[in-house]
Amino acid sequence: MSDRTIDRYLVIGNPVAHSLSPLIHAEFARLSGQVLSYGRERCAEGGFAALLRTLLDTGLRGCNVTVPFKFDALQAATQRSARAALAGAANTLWVDAAGAVQADNTDGVGLVRDIESGAGVAIEGRRVLLIGAGGAAAGVLGPLLAARPASLVLCNRSADRADALAAGHREWAATHGARLQTASIGSPFDGVPVPYDVVINATASSLHGAASPVPATVLAQGTLAVDLMYGDAAAPFLAWAQDSGATGRDGLGMLVEQAAESFQVWRGVRPPTAPVLAMLREHLALQKAAR
Ligand code: NDP
């Protein structure tokens, strides 16, 4: 039986057994002296709204939402943050004091924080390539533009999805002085093929065995090349980046930073991220060694 005196949170997804979120939030709670529980819940396709209602009725305070339910999460909420509305997707839900279900999207701010603080690369004034137009790309595009790159080129295997995503962000890009363009995934440049300062792979291409969906000409010595994947799935992309002299970075730092943002939204406390990232890297290394 669950203890209803402890604030309960969890992550909903499918699959969700592999999720590192319970480990991350348990560590955040320990390091910041917060008392809470954080579990995981697998949701059947089409069952998100009903499952959320059941969980909230039994006292759930909030949840993270992962693939493939981030769009359903936004629809299930009664109030949406500006960044969730811009993304059209939510990864963080909670019940506020008035009983309303609030939705937020912390993926983008997590990625920007990991690039700027974790990797030490300021986005302002840089040329950025974002590959992908799924839920992850939708979540990170707005915050990337808000970091004021000189230009951001968006490309995706299905070009129409990139066009639609860009169209929804044109005004936002102009407000932040960033030039936003789309390009073909085979030649992802805004004119002349000059390598980028920052390349972000927000596709699931590595799950299908491809190192990168774009040609290596997007990279140069000094490019920061980030794959939102982590663990073994990120290895081919990181090797591809290294072969061109770029600096590869996996998505583990973003995972921790987006979780920290959710934790702060829920608890009003900012947890430390560096020790949690180090703990996770050790955890994944031990898991790998045990295989
Ligand atoms: P979606 O299913 O919504 O989108 C998948 C994206 O990948 C689409 O752009 C799709 O293109 C593209 N894609 C899939 N297969 C290929 C391929 N073989 N070649 C080229 N492009 C391909 O997934 P999400 O956007 O939600 O997630 C993408 C990845 O990001 C996931 O693997 C997820 O684990 C990771 N992620 C990591 C986070 C972190 O914190 N580190 C946070 C969120 C996500 P098309 O439109 O043509 O189908």
Side-chain angles (χ1 to χ4, degrees), residues 11-21 23-25 45 48 64-74 83-84 87-92 104-115 118-119 129-144 153-166 182-186 188 199-215 218 225-238 240 248-263 273 276-277 280-281 284:
V11 56
I12 301 176
N14 188 355
V16 78
H18 68 287
S19 173
L20 294 171
S21 293
L23 192 57
I24 294 171
H25 283 278
E45 198 186 330
F48 184 81
N64 286 125
V65 181
T66 187
V67 177
F69 300 113
K70 291 184 184 180
F71 304 107
D72 302 80
L74 189 76
R83 58 193 181 191
N91 73 338
T92 306
D104 197 359
N105 193 317
T106 65
D107 279 341
V109 76
L111 175 64
V112 170
R113 206 163 276 149
D114 183 57
I115 289 175
L129 174 66
L130 175 61
I131 316 157
V140 303
L141 180 55
L144 281 171
V153 171
L154 179 67
C155 68
N156 188 50
R157 181 177 62 180
S158 311
D160 55 334
R161 291 186 78 193
D163 289 340
L165 185 58
T182 54
S184 82
I185 199 161
V199 171
I200 299 159
N201 183 20
T203 75
S205 65
S206 1
L207 291 182
H208 307 283
S212 163
V214 295
V218 300
V226 184
D227 194 343
L228 265 46
M229 299 273 188
Y230 49 83
D232 290 346
F237 179 90
L238 297 179
W240 170 82
R249 190 167 180 86
D250 67 11
L252 208 56
M254 170 186 170
L255 183 74
V256 174
E257 292 297 345
Q258 62 78 28
E261 186 76 8
S262 296
F263 193 91
T273 51
V276 179
L277 180 56
L280 281 186
R281 292 218 183 276
L284 290 178

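In listed order, ligands and their atoms are each counted from 1. Each residue takes its place number in the sequence, starting with 1.
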Quiz item: For residues N201 and T203, is any side-chain donor paired with an opposing acceptor at under 3.5 Å?
Solution: yes
Quiz item: Has ligand 1 got any nitrogen or oxygen that is less than 3.5 angstrom from a nitrogen or oxygen of M229?
Solution: no
Quiz item: What protein heavy atom is closest to atom 23 (O) of ligand 1, reported as residue, atom name and distance in Å?
Solution: G135 N, 4.5 Å
Practice problem: Would you kindly specify which portion of P68 sits under 4.0 Å from ligand 1, judged on non-hydrogen atoms: side chain, backbone, both or neither? | Solution: neither
Quiz item: Ion pair present between D107 and R83, side-chain N to carboxylate O less than 4.0 angstrom?
Solution: no
Quiz item: Does A204 have a non-hydrogen atom less than 4.0 Å from ligand 1?
Solution: yes
Quiz item: Between F71 and ligand 1, is there a nitrogen or oxygen pair with a distance under 3.5 Å?
Solution: no
Quiz prompt | Modelled atom types, side-chain donor and acceptor of N105 and T92, under 3.5 Å | solution = no
Exercise. Give, for atom CG of L111 and atom CE of M254, the distance between the pair rounded to the nearest 0.5 Å.
Key: 5.0 Å
Quiz item: Quick check: does Y230 get an N/O under 3.5 Å from an N/O on ligand 1?
Solution: no
Quiz item: Any chance the side chains of Q258 and N91 put a donor and an acceptor closer than 3.5 Å?
Solution: yes
Self-check item: Qualifying residue for side chain to side chain donor-acceptor pair (under 3.5 Å) with N64, from S262, S21, S19
Solution: S262
Exercise. Would you check whether A136 has a nitrogen or oxygen atom less than 3.5 angstrom from a nitrogen or oxygen atom of ligand 1?
Key: yes
Quiz prompt | Heteroatom proximity flag, D107 to ligand 1, N/O under 3.5 Å | solution = no
Quiz item: What do you reckon, does A133 have a nitrogen or oxygen under 3.5 Å from a nitrogen or oxygen of ligand 1?
Solution: yes
Self-check item: Nearest neighbour of atom 14 (C) of ligand 1 from the list R157, H18, K70, on a heavy-atom basis
Solution: R157
Practice problem: Give, for atom NZ of K70 and atom CD1 of I12, the distance between the pair rounded to the nearest 0.5 Å. | Solution: 13.0 Å
Practice problem: Would you kindly specify which portion of N156 sits under 4.0 Å from ligand 1, judged on non-hydrogen atoms: side chain, backbone, both or neither? | Solution: side chain
Quiz item: Roughly how far, to the nearest 0.5 Å, is CE of M229 from CZ of F237?
Solution: 11.0 Å
Practice problem: Can you pull out the closest protein heavy atom to atom 4 (O) of ligand 1? Residue, atom name and distance to 0.1 Å, please. | Solution: G134 CA, 3.4 Å
Self-check item: Nearest option to atom 12 (C) of ligand 1, as decided by whichever heavy atom of L165, I131, T203, L255 sits closest
Solution: T203
Quiz prompt | Intermediate values then yes/no, salt bridge (Lys or Arg N to Asp or Glu O under 4.0 Å), D227 and R249 | solution = CA-CA 6 Å; D227 194 343; R249 190 167 180 86; over 6 Å; no
Practice problem: Kindly indicate whether atom 2 (O) of ligand 1 is approached by any protein heavy atom to under 4.0 angstrom. | Solution: no
Self-check item: Euclidean distance, L255 CG relative to E257 CD, rounded to 0.5 Å
Solution: 10.0 Å
Exercise. Name the closest protein heavy atom to atom 42 (C) of ligand 1, giving the residue it belongs to and the distance to 0.1 Å.
Key: M254 CE, 3.6 Å
Quiz prompt | Closest protein heavy atom (residue, atom, distance) for atom 28 (C) of ligand 1 | solution = A202 O, 3.6 Å
Practice problem: Return a yes/no value for L252: is any of its N or O atoms, backbone included, closer than 3.5 angstrom to an N or O of ligand 1? | Solution: no
